[in-house]
Each structure stands twice: as structure tokens, then as C-alpha cells.
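First up is the structure itself, then whatever we jot down about it.
Naming: A, B, ... by sequence-line order, numbering from 1 per chain. Just so you know, these numbers come straight off a predicted model, no measurement behind them.
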Protein chains: 2
Amino acid sequence: MSQMQNVEKQLRQMILGLEIGPGEKLTERWIESRFGASRTPVRAALLRLETEGLVGRDGRGWTVSPINLAELEQIAVYREAVEIAALRLTCSLADRSAVDVIEAMLESCDNDTPREEWHRVGMDFHIELARLSGNEFLFRAVRDAMTRLSRARWLEVRDEAALSRAWTEHRAILAAARLGDADEAARLLSVHIVGSRDRLVTSLANDRRGLRARGFAVVAA
Amino acid sequence: MSQMQNVEKQLRQMILGLEIGPGEKLTERWIESRFGASRTPVRAALLRLETEGLVGRDGRGWTVSPINLAELEQIAVYREAVEIAALRLTCSLADRSAVDVIEAMLESCDNDTPREEWHRVGMDFHIELARLSGNEFLFRAVRDAMTRLSRARWLEVRDEAALSRAWTEHRAILAAARLGDADEAARLLSVHIVGSRDRLVTSLANDRRGLRARGFAVVAA
DNA sequence: GATACCAGTTTGGGATACCAATATGGTGCA
DNA sequence: TGCACCATATTGGTATCCCAAACTGGTATC
């Protein structure tokens with residue numbers, strides 16, 4: 001793999017894994033030395049990550065995007081639009097057997113599955129569900145939205161009850177989709193997204209002080 | 001303005017204005033000499049335009065994205081989802097007076113308005129309408145979708161009847177939005193988008209030979 | 001003690017040099 | 001004539017330099 005894609009992947013992983021805190025300053029030269037690449041691929045990586053919303057410009061320099069509560073709320077509205085559209089498309093397909101693959105994905109998580117895996121599968125559920133629609137744009141929209149939500153969602157993963165509820169809702173959505181009941185699937189997905197947003201925003205608002213103590217910038221709604 | 005943003009703007013304008021044909025090969029060094037910039041800003045511009053879908057990688061090199069009929073159809077589905085979601089949000093606002101600004105925008109076009117202006121206003125109608133929702137993500141989604149449609153829409157602008165029909169539909173949508181009638185506005189917008197897509201795809205499928213003769217790559221649905 | 005100011009350092013933006021991979025075009029052989 | 005092959009030019013990827021702007025820290029002044 002080229003150096004460029006490598007820097008991009010590793011830097012994204014560090015940001016999404018909170019190894020670099022939200023709000024932290026980045027210098028091209030630090031990244032350069034950290035990953036042993038030169039500035040050209042570093043700058044390419046930063047430009048890409050900027051379009052993903054993971055880093056942003058702070059005057060002349062670069063900053064890891066803070067966690068933004070207002071943004072999280074807007075993303076929930078956006079997700080409702082694109083995920084429901086994708087789900088309705090999927091429900092209208094003649095062959096909906098692919099939902100079973102997603103069901104199997106959910107099943108792969110049990111009590112001794114590491115947190116990281118729950119986190120990843122929780123996002124992949126939505127991403128892969130959108131992919132089934134066959135619409136590339138809806139798929140990308142969902143994938144990008146989940147990427148932006150990713151860091152904030154680490155919180156939800158720490159809440160056993162929330163996680164269990166999410167999995168139940170995921171299964172109900174799949175069940176409706178398997179039957180081709182678009183309205184019911186859409187309703188369940190809408191409830192899931194709104195509920196998920198509420199829990200997330202509430203948790204974050206509560207934990208805000210703690211997050212700031214860890215050096216994470218959190219912007220209020 | 002920095003060199004970088006300059007190259008990006010000018011190159012985007014040339015691509016969207018069909019001064020560089022869809023499917024044409026691009027070399028970083030040609031762009032470099034064409035705009036009097038060095039490769040650093042050129043590469044930044046290409047990376048940005050890649051995320052907008054205006055250029056793509058062709059093996060090791062760069063290509064102006066061909067006009068893709070399958071993509072146009074998928075974008076129409078995507079637009080339906082995001083534009084309708086935005087419109088419904090706008091309809092639920094207490095103060096919907098901003099729709100009058102958009103109405104005024106439409107009025108600014110008359111018989112002796114140049115084609116370019118009709119083209120621009122036709123896209124801005126959808127973009128600005130989405131902006132009214134106040135949701136940044138829905139707004140960006142619509143703006144990006146319209147950017148991808150932009151080149152194909154030059155065709156529609158040549159059809160006087162289609163243009164007139166579009167303007168009528170635009171006005172009807174605004175009227176419903178002004179009344180806060182979300183269902184009617186959404187229905188009208190859906191009809192508009194689907195109709196627009198049908199006319200576009202039909203025109204392109206018919207003109208395909210002519211476009212290819214002009215050196216434009218057109219990928220079938 | 002606060003502040004205006006200045007030298008030195010850091011940093012991102014841009015330009016250029018170098019390289020490996022690829023494309024190109026011509027040449028000679030079958 | 002057609003085709004395989006090689007020398008050469010071109011190109012994107014990377015590394016490195018240079019520069020102007022911004023930042024930093026200390027100092028002299030009021």
C-alpha cells in the first residue's frame with residue numbers, strides 16, 4: 001500500500017480511537033515524524049480527513065475536530081433521512097435474503113466480545129444495511145455519518161443497558177425488513193436513531209466535564 | 001486568495017463548464033503550467049475535486065469523471081431522500097418567510113437571461129431551499145449532489161419547454177412550503193425530481209452519440 | 001505590574017528535485 | 001507486414017528546500 005493511504009489510515013485510526021483527543025492541535029511536521037512519511041502524503045491525508053470532518057483548520061493550522069453536540073443532533077436528522085430511504089429501498093427488493101448476513105453479524109457479539117468489537121459492529125450494522133439498498137450515494141452518506149459519530153459512540157458502548165437495547169432494536173428492524181414491511185421497518189429505525197441520539201447527547205452533556213478533564217474539546221449544542 | 005483555492009476553483013469551473021470534457025485525461029503537470037501554479041496546490045485541488053466526484057483516478061493518473069447515467073439515476077433517489085427531508089424541516093419552521101428570497105431568485109430570470117444564469121439559478125433553487133432547513137448535513141448533501149449533476153444539466157437548459165416546466169414546478173413547491181403544507185410540498189418535489197431525472201436520462205441516452213462525438217465520455221446506465 | 005515591542009522560532013503554503021513505474025515510439029527480426 | 005523488444009520520455013509519488021506569516025518569549029518602557 002502506498003505511503004499516502006497508510007498515513008491516512010493510521011491517522012484516522014488514532015483520531016477515531018481517541019488516541020489523539022478531540023480539539024488537539026496537529027502539526028504537519030509532527031505527523032511526518034510520527035509516521036515516518038514526508039509532508040506530501042501527510043498533507044494529502046489531512047485534506048482527506050478534512051472532508052470526513054475528522055480534522056479542521058484552525059486559522060493556519062490543523063485541529064482534530066472537537067465533539068460537537070449540535071452537530072450530533074443534526075447528524076441524527078440526516079441519518080433519519082438517508083437510512084430510512086435506504087431501508088425502504090431494501091424492503092422493496094425482491095431478494096432480501098442479504099439481511100440474514102447482517103443478522104449473523106449481530107450474532108457474532110456475545111458477553112466476552114471486546115468493547116471495540118461491539119463498537120465496530122454497532123456501526124457496521126447501519127453501514128451494511130444501507131449498502132443493501134444498492135444505492136451508492138445513500139450508502140456513502142450513512143458510512144460518512146457513522147464515521148463522524150464514531151468517537152462520540154465510544155460512550156454508548158460503555159453502557160451495557162444501552163447496548164442491549166440497541167441490539168434488540170437492530171434485530172427488530174431486520175425482522176421487519178425481511179418481511180418487506182417498509183413502513184414498520186422505517187418506523188423502528190426512526191425510533192432507534194432518535195433514541196440513540198437522545199441517549200448520546202444526554203451522556204455527553206453529563207460527561208462533558210470529565211471529557212474536558214481528559215483534554216477532549218466538547219462543543220455545546 | 002491562496003494559490004491552492006484558486007487552482008481548485010478554476011479547474012472546477014473548467015470541468016463544470018465542459019471546457020474539459022468528461023473522460024478527458026488530466027496530468028498534474030498540464031494543470032501546473034495551465035494555471036501557473038506548482039504541483040503542491042495542484043495536488044490539493046485534485047484531491048478535493050476527487051471527493052466531489054469531478055475527477056477520479058484512472059490507474060495511476062487522473063481523469064475527468066465521465067457522465068454516468070447509472071449514477072444520475074442513483075443521485076435522483078438520493079436527492080429525493082435529502083431534499084424532501086430538508087423541505088419537511090423547512091415546512092415545520094415557524095418563520096418561513098425566507099422562501100420569498102428564493103422566489104425572488106426565480107423571478108430574476110426572464111427571456112433575455114443568458115443560459116448560464118438559468119443553469120445556475122436552477123441549481124441554486126435546490127441548494128438554497130435545502131439551506132433553509134438549517135441542517136448543515138442535508139444542505140451539503142444537496143449541494144454536492146447538484147454539483148455532480150451540474151454537467152449533465154447543461155442539456156436541460158437547452159430545452160426551452162423543460163426549463164419552463166421546471167420553473168413552474170419550482171414555484172409550486174415554494175407555494176406549498178410557504179403554507180407549511182409539508183406533504184404537498186414533498187409530493188411536488190418528488191414529482192419534480194423524478195420527472196427531471198427522466199428527462200435528463202432520456203436526453204442523454206439520445207444525445208449520447210453526439211456527446212461522444214464531442215469527445216465526452218458517457219457511461220451507460 | 002502591565003504593556004508595547006522586537007528577535008528568534010515554528011509552521012503551513014509553495015516550489016523543486018528525484019525516483020520508480022508506466023507509457024511511447026521506433027527498430028529490427030521473423 | 002506484423003510483432004516482439006528495447007531506449008526514452010512522461011508521469012505520479014515522495015522528499016526536501018525556501019519563504020512569508022504567525023507564534024513565542026523575553027525585554028525595555030511607562
* Atom-pair distance (CH2 on Trp62(B); C1' on dT22(C)), nearest Å -> 17 Å
* Just how far, in rounded Å, is P of dT10(D) from CD1 of Ile31(B)? -> 17 Å
* Find which nucleotide of DNA chain C each of Gly61(A) and Gly36(B) is nearest to by heavy atoms, and output the residue with the more 5' nucleotide. => Gly61(A)
* Structure fact -> When rounded to whole Å, the CG to P distance for the pair Asn6(B) and dG13(C) reads 15 Å
* Parallel, tilted or perpendicular for His192(A) and His126(A), by the 30°/60° rule? -> parallel
* Expected output: side-chain Asp58(A) to main-chain Gly61(A) donor-acceptor under 3.5 Å -> no
* Asked: Are Leu204(B) and Leu211(B) close enough that some pair of their side-chain heavy atoms sits under 4.5 Å apart?
  -> yes
* Hey, can you pull the residues of residues 21-29 of chain A with a non-hydrogen atom under 4.0 angstrom from DNA chain C? -> Leu26(A), Thr27(A), Glu28(A), Arg29(A)
* Base dT22(C) to side chain Arg60(B), donor-acceptor N/O within 3.5 Å cut-off -> no
* Whole Å only: how far is the CZ atom of Arg39(A) from the P atom of dT11(C)? -> 10 Å
* Full working for salt bridge (Lys or Arg N to Asp or Glu O under 4.0 Å) between Arg131(B) and Glu136(B) -> CA-CA 7 Å; Arg131(B) 193 204 296 273; Glu136(B) 185 69 18; over 6 Å; no
* **Geometric class of the Phe35(B)/Trp30(B) ring pair [parallel <30°, tilted 30-60°, perpendicular >60°]** => perpendicular
* Quick one: does Leu129(B)'s side chain get under 4.5 Å of Asp124(B)'s, heavy atoms only? -> no
* Asked: Within this structure, what is the CH2-to-P distance between Trp30(B) and dG12(D), rounded to whole angstrom?
  -> 12 Å
* To do: Starting from P on dT11(D), measure out to CZ on Arg43(B) and report it in whole angstrom.
  => 14 Å
* Ser190(B) versus Glu80(B), side-chain donor and acceptor atoms under 3.5 Å -> yes
* Asked: Are any side-chain N or O atoms of Ser150(A) and backbone N or O atoms of Met146(A), one a donor and one an acceptor, separated by less than 3.5 Å?
  -> no
* Estimated bend of the helix from dG1(C)-dC30(D) to dA30(C)-dT1(D) (axis per five terminal pairs, rounded to 10 degrees) -> 10°
* **Euclidean distance, atom CZ of residue Phe35(B) to atom C1' of dG14(C) [Å, nearest integer]** => 17 Å
* Within this structure, what is the CG-to-C1' distance between Leu46(A) and dG12(C), rounded to whole angstrom? -> 11 Å
* So does Arg57(A) reach the base of dG12(C) with its side chain, donor to acceptor, closer than 3.5 Å? -> no
* Asked: Out of dG13(D), dG14(C), dA15(D), which nucleotide sits closest to the side chain of Ser38(B)?
  -> dG14(C)
* **Heavy-atom side-chain proximity of Glu116(B) to Trp154(B) below 4.5 angstrom** => yes
